[in-house]
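Labels below follow one simple rule: chain letters A, B, ... track the order of the sequence lines, proteins then strands, and each chain is numbered from 1.
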Amino acid sequence: MSEIDRSGTAVGANSLSKSYEPQQFETRIYQSWLDQGCFEAKDQNAPGQNAFSMVIPPPNVTGVLHMGHALTNTIQDILVRWHRMMGDNTLWLPGTDHAGIATQAQVEKQIAKEGKGPTGKPLTRHDLGREAFLARTWKWKEEHANTITGQLKRLGSSLDWKRERFTMDEGLSQAVREVFVRLYEEDLIYRGERIINWCPRCQTALSDLETIPTERKGHFWHIVYKIVEADGVTPVKNADGTPAELVIATTRPETLLGDTAVAVNPDDERYRHLHGKQAVLPLLGRLIPVITDSYVDKEFGSGGLKVTPAHDFNDYEIGKRHNLPFISVMGKDGRITPAGGSYAGLKFAEARERVIQDLKEAQLLVKTEDHALKIGLCQRCENIAEPIVSKQWFVKIGPLAKPAIEAVESGKIQFSPKSWEKTYFEWMYNIRDWCISRQLWWGHQIPAWYCGHCQEVTVAREAPTKCPKCGAAASELKQDEDVLDTWFSSALWPFSTLGWPEKTRALETFYPTSILETGFDIIFFWVARMIMMGIHFMGDVPFHKVYLHAMVRDEKGDKMSKSKGNVIDPLVVIDQHGADPLRFTLTSMAGQGRDIKLSVDRVENFRGFCNKIWNATKFFHLQFDALKDKGVGIPADFDAEKWLLGNLPTLLPQNRWILSRLQVAIARVQKGFEDFELNESAQALYEFSWHEFCDWYIELSKLPFREGGDAAQQSIYTLHYVLETVMKLMHPIMPFVTEELWQSLPFKRVVQKPATIMLQPFPKANAAFTDSESEQTIAALKSVIEALRNFRGENNLSPKVEFPVRYRAGSVGADTFIRLHSADLQALSRVSKFERIEGDHGGGSGGSSGEAIIPLTNPPVELRISLAGLVNVEEESKRLVKEIEKVSEDIAFVQRKLSQETFIAKAPKELVEKERKREGEFVAKRQELQAALERLKALVK
RNA sequence: UGGAGUGUAGCUCAGUGGGAGAGCAUCCCCUUCACACGGGGAGGGUCGUAGGUUCAAUCCCUAUCACUCCAACCA
């Protein structure tokens, strides 16, 4: 079914503003898409239809759009719009993430500003209580959620808003509880006392991923541990009779308070006599065993290692291997615990100073040197996170990781660029159990209840009405106060958003999703965990392709950050230049494997591109209106493509040419989208629309339009058809401007209702339009025009100055060519007339002095321009000399090649032939140029 | 320490086994009836360095340097 719309919305050139002004229409157009339900997917595919689905990487609900969002959402929107136009049942599902720590921190900051608590300190969440604080946070969420979603709309994202989800909405919370309970029942979730990263400032546990290893300048302190016999008193002697001691270097001297052993390598001969002895812990005097463990590197430092199992991940492992006591000296409050003796109550940094001071005084510090150390910073607040031992909930990750590894190994999931697979494997092979409990309030509270009566734990989907273990009343049960890591709920995103655990139609239609597009910085946080959860709970991978885009940086290549003040705000850019230019810029730079260095200059350039398209459309309207005034009619139910195909042989060469070139553009754009090389598509569109369509086609169409009649009519059809096709091709990348312009077209085809470009079929290349003959003709035309423009430019001739050109044709065909196209040639090169030189078949020797001579090979003609009154002879001589030099270089190059026997023997014959031919052409050209130069010289004398 | 990526015109980036391209910036000419958010012309690069394969290398291989990112248990 098709319908021609050529009245209602058809607007003349006058209705399009003078230039591209995106502010005039972007918001209106987005609203019209929403009103018409254009973004909505169907739960069930139509017969023969494919589903295409993607989930948005949910931005933080209280976040603000940054360039990274702009990039990922532009890319995703392109894919989605393209698939929609290809006829797929297309779902792009929106939503936001509750972002536990980030959101809670913002609300805490707000209440702190509001007043003082009972102790006179700023209000904290504890002053409000859990319930009131959560109410505040929900309110905050309601107030801020629209910010980011509104910004996504400004960008043009065609998300199915009716399906918008939030990681803490009822459905997703149910999914979270379901997953937690099932994993618990399968022994894949457990609660245990383990070493974890703790942020003393945020007062919560963090996963390994949430601490950023950072290099800081520090020191190596060499500390003496004296060695005694088992009795704890008698010094052990070295072979030479001196008292045995172990000098151990550390970057964190304060941790010695929690040392429970010192270790040496079992094969270290130097310390064999210390095996089984005791070390005296400096300052505290506690006796700790000397143990042997192959983890210790003999070559490093003194070969001795202090072991602090409660505050170091490696020491923790050693401690477990050797059944060492775990002494927690660093408390959750950031201060030394009572186990730290006289250091108790000191902040960690203070304790370090005191320990060093005391060691010095006890003469146990033998050396201090500079050393860089690695510390873990809290991802959120950038304070130092300390490893401490604490009771937390964990996901036993090994059994989940195994199939997730296999999915990528087998190619069931493919990463692009492929190199990221290596990174993925590396992490997955060495994955550690995932600490999922957080000591926060904002999040999914852990569905575990502790019975005050029998002390048992109950994990359940809903709050139990009595203790299932001992039958105690609900009042005895207390729910775990902790909440889950935010990423726990995001891991379920591809299926929880589609209604899981219910078996919904949507789930059936859209899972697995087609593609995941995201940043490489969340491969571990998000991608890997979605793969694990998807396979475990859905029995299938959540997606088959993972596309990872680059990072957006500023024009100098620095990371954008508020503190550096180099942030380019996408919304400001959209306000100033429009969403389409920003989208086009990001797309054209989104080649994989390279960071995107964004500059506003670039956006301005593409704004110029939008303006160019805008004005090309205005040109169409101008011509169309003029034709209408002359009474040139358009047949009812007009199908331009059909008409053009039917009348192909009678079309003007430029019309056939642009139709032919259009097919190449369509193929390039399509291939770019298929291969996920969106920058290729963008480039193809840019080159075709600007440099072929605008630069040449529109210029060449002006004559037929002036001429009127059939020539004008077929040209207006061609112009319309090409414009409409280009609009559709560009639409996925630049949705707004293409919709606005498409709506203005008088006989656009509405194949699919509602009448919006975003639902019309994406163009397909049609070989019937391919036309090598017209391509050849226009190439020849361009070469004559360019030669004349070059002559004009080199001699600084104003376009106002018109001059006649005499020509000598090298063949009958060339003569015909010039005569046939003299009008076009004259118009585009501003030549007053072309005059053929009769007779004189003597080759390049003819012509009077005082003429510029421009020899061409395709078409084989020689152009002559009388210099009298036009240019000064010396200028023209310079141009000639330059030309001659250029040709001479060409000749030398070709001859060098042809003089090599191996080249003649081994290179393809066609190539050799081609080079020979070129040699001949070059030599002839040089002769003519030289002859012209001679005559000019004669003139000067 | 491992892994990956990048190195092409002043800047930002495309690109290909057969003589190096675009946009911006620079210089010159133009308000010519779609567009000065424009048109035309010009200058500018031994395609990081050194070897190798090939008739032919900016492209393939090897080494090397520089920068960037990722993962790391050397206290």
Side-chain angles (χ1 to χ4, degrees), chain A residues 13 16 18-21 213 220 248-252 255 263 295-297 299-302 304-308 312-318 371 373-374 417 419-420 422-423 425-427 430 520-521 523-524 550-551 553 555-557 577 581 588-589 591-599 601-602 604-623 679-680 683 686-687 691 694-695 698-699 702 706 786 789-801 827 829-830 882 889-890 893-894 897 900-908 911-912 914-915 918:
Chain A
L16 288 183
K18 188 175 179 305
S19 55
Y20 166 69
E21 288 162 17
F220 239 159
I248 299 177
T250 179
T251 54
R252 300 166 69 212
T255 62
Y295 166 76
V296 182
D297 184 350
E299 311 301 320
F300 191 85
S302 66
L305 173 71
K306 61 192 271 312
V307 184
T308 321
D312 183 283
F313 283 90
N314 298 307
D315 293 4
Y316 178 83
E317 296 299 326
I318 296 175
H371 187 77
L373 79 157
K374 285 275 170 63
S419 52
W420 287 107
K422 218 164 186 167
T423 309
F425 288 134
E426 193 60 33
W427 189 69
N430 302 308
F520 55 77
D521 50 331
I523 289 179
F524 308 139
M551 178 167 288
R553 298 168 175 278
E555 66 256 73
K556 282 183 242 138
H577 305 290
S588 69
M589 300 180 81
Q592 289 190 309
R594 189 196 266 263
D595 286 344
I596 294 174
K597 292 182 199 162
L598 186 70
S599 72
D601 280 358
R602 205 91 181 159
E604 282 169 15
N605 178 242
F606 288 118
R607 178 189 182 142
F609 179 56
C610 288
N611 190 56
K612 191 79 181 170
I613 306 301
W614 187 270
N615 279 287
T617 310
K618 281 193 69 123
F619 174 79
F620 164 81
H621 282 293
L622 222 59
Q623 303 303 336
N679 52 321
E680 286 290 324
Q683 201 184 339
Y686 187 89
E687 284 170 3
H691 298 306
C694 288
D695 284 355
I698 286 186
E699 292 308 319
K702 285 177 180 172
R706 234 168 282 161
E786 276 164 353
R789 282 179 179 170
N790 173 276
F791 170 78
R792 193 183 281 277
E794 290 277 293
N795 286 300
N796 278 347
L797 281 177
S798 157
K800 278 186 213 148
V801 182
S829 53
R830 309 215 133 241
K882 213 163 90 181
E889 278 170 30
D890 290 343
F893 177 83
V894 178
K897 236 178 189 181
Q900 289 166 357
E901 278 170 33
T902 46
F903 174 76
I904 308 289
K906 295 203 174 177
L911 190 70
V912 177
K914 205 174 115 195
E915 296 295 339
R918 290 206 317 167

Checklist entry - If you measure from the ring centre of Phe620(A) to the centre of the six-membered ring in the base of rA34(B), is it under 5.5 Å, with the planes under 30° apart? => result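 Phe620(A) ring does not meet the centre or angle cut-off for rA34(B); no stack.
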Out of [options], which nucleotide sits closest to the side chain of [X]?
| X | options | result |
| --- | --- | --- |
| Glu699(A) | rC35(B), rC55(B), rG15(B) | rC35(B) |
| Thr250(A) | rA75(B), rC29(B), rA34(B) | rA75(B) |
| Tyr686(A) | rG23(B), rC37(B), rA72(B) | rG23(B) |
| Phe520(A) | rG19(B), rC55(B), rC69(B) | rC69(B) |
| Asp890(A) | rA71(B), rA4(B), rG19(B) | rG19(B) |
| Ser419(A) | rA4(B), rC70(B), rC28(B) | rA4(B) |
| Ala907(A) | rC55(B), rG38(B), rG23(B) | rC55(B) |
| Pro799(A) | rC69(B), rU12(B), rC29(B) | rC29(B) |
| Glu794(A) | rA42(B), rA14(B), rA4(B) | rA42(B) |
| Leu305(A) | rA34(B), rC55(B), rA75(B) | rA75(B) |

Do [X] and [N] have a side chain to base donor-acceptor pair shorter than 3.5 Å?
| X | N | answer |
| --- | --- | --- |
| Lys618(A) | rC35(B) | no |
| Ser798(A) | rC30(B) | no |
| Arg789(A) | rG39(B) | no |

Sugar-phosphate, base or nothing in reach of [X], heavy atoms under 4.0 Å:
| X | result |
| --- | --- |
| Pro213(A) | nothing |
| Glu604(A) | nothing |
| Arg918(A) | base |
| Lys897(A) | sugar-phosphate |
| Lys597(A) | sugar-phosphate |
| Phe524(A) | sugar-phosphate |
| Phe300(A) | base |
| Val296(A) | base |
| Cys610(A) | nothing |
| Arg792(A) | nothing |
| Lys800(A) | sugar-phosphate |
| Asn605(A) | sugar-phosphate |

Is [X] near enough to [N] that one of its side-chain N or O atoms lies under 4.0 angstrom from OP1 or OP2?
| X | N | answer |
| --- | --- | --- |
| Asn314(A) | rA75(B) | no |
| Lys18(A) | rA36(B) | yes |
| Asn790(A) | rA42(B) | yes |
| Lys422(A) | rA4(B) | yes |
| Lys702(A) | rA34(B) | yes |
| Lys906(A) | rU54(B) | no |

On a whole-Å scale, what distance lies between the [atom1] atoms belonging to [N] and [M]?
| N | M | atom1 | value |
| --- | --- | --- | --- |
| rU49(B) | rG40(B) | C1' | 41 Å |
| rG21(B) | rC29(B) | C1' | 25 Å |
| rA57(B) | rG18(B) | C1' | 10 Å |
| rG48(B) | rG41(B) | C1' | 33 Å |
| rU53(B) | rG10(B) | C1' | 36 Å |
| rC37(B) | rU32(B) | P | 15 Å |
| rG45(B) | rC33(B) | P | 37 Å |
| rC11(B) | rU46(B) | P | 13 Å |

Within a strict 4.5 Å, meaning less than it, do heavy atoms of the [X] and [Y] side chains meet?
| X | Y | value |
| --- | --- | --- |
| Phe903(A) | Leu911(A) | yes |
| Thr423(A) | Phe520(A) | no |
| Asp695(A) | Glu699(A) | no |

Next on the checklist: Without decimals, in angstroms, what is the distance between Phe606(A) CZ and rC24(B) C1'?
Outcome noted: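 To the nearest whole Å, that distance equals 10 Å.
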Next on the checklist: Expressed as a whole number of angstroms, how long is the span from Ile318(A):CD1 to rC73(B):P?
Outcome noted: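 To the nearest whole Å, that distance equals 13 Å.
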Item to check | Glu426(A) atom CD: more than 12 heavy-atom contacts under 6.0 Å | outcome: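 No.
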Complementary nucleotide of [N], counting Watson-Crick and G-U pairs under 3.5 Å:
| N | value |
| --- | --- |
| rU64(B) | rG48(B) |
| rC37(B) | none |
| rA57(B) | none |
| rU12(B) | rA22(B) |
| rU31(B) | none |
| rA71(B) | rU1(B) |

Checklist entry - How are the rings of Phe606(A) and Tyr686(A) set relative to one another: parallel (under 30°), tilted (30 to 60°) or perpendicular (over 60°)? => result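 Plane angle over 60°, so perpendicular.
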Checklist entry - Start at the 5' end of RNA chain B and walk down; is the nucleotide closest to Phe903(A) or to Arg607(A) reached first? => result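 Upstream on the strand: Arg607(A).
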Item to check | Heavy-atom closest contact (Lys897(A) atom, Glu915(A) atom, distance) | outcome: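 Heavy atoms only, the tightest pair is NZ-OE2, 3.6 Å.
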Checklist entry - Can you list the steps and then say if Thr250(A) with Phe220(A) is a side-chain contact (heavy atoms from CB on, under 4.5 Å)? => result CA-CA 5 Å; Thr250(A) 179; Phe220(A) 239 159; 5.8 Å; no
Next on the checklist: Is there a side-chain contact (heavy atoms from CB on, under 4.5 Å) between Lys306(A) and Thr255(A)? Walk through the geometry before answering.
Outcome noted: CA-CA 9 Å; Lys306(A) 61 192 271 312; Thr255(A) 62; 2.6 Å; yes
Checklist entry - Taking it one step at a time, do Gln683(A) and Asn679(A) satisfy side-chain contact (heavy atoms from CB on, under 4.5 Å)? => result CA-CA 6 Å; Gln683(A) 201 184 339; Asn679(A) 52 321; 5.9 Å; no
Next on the checklist: So, taking the atom named CZ in Phe300(A) and the one named CG in Leu305(A), what distance separates them when rounded to the nearest 0.5 Å?
Outcome noted: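 Here the rounded value is 10.0 Å.
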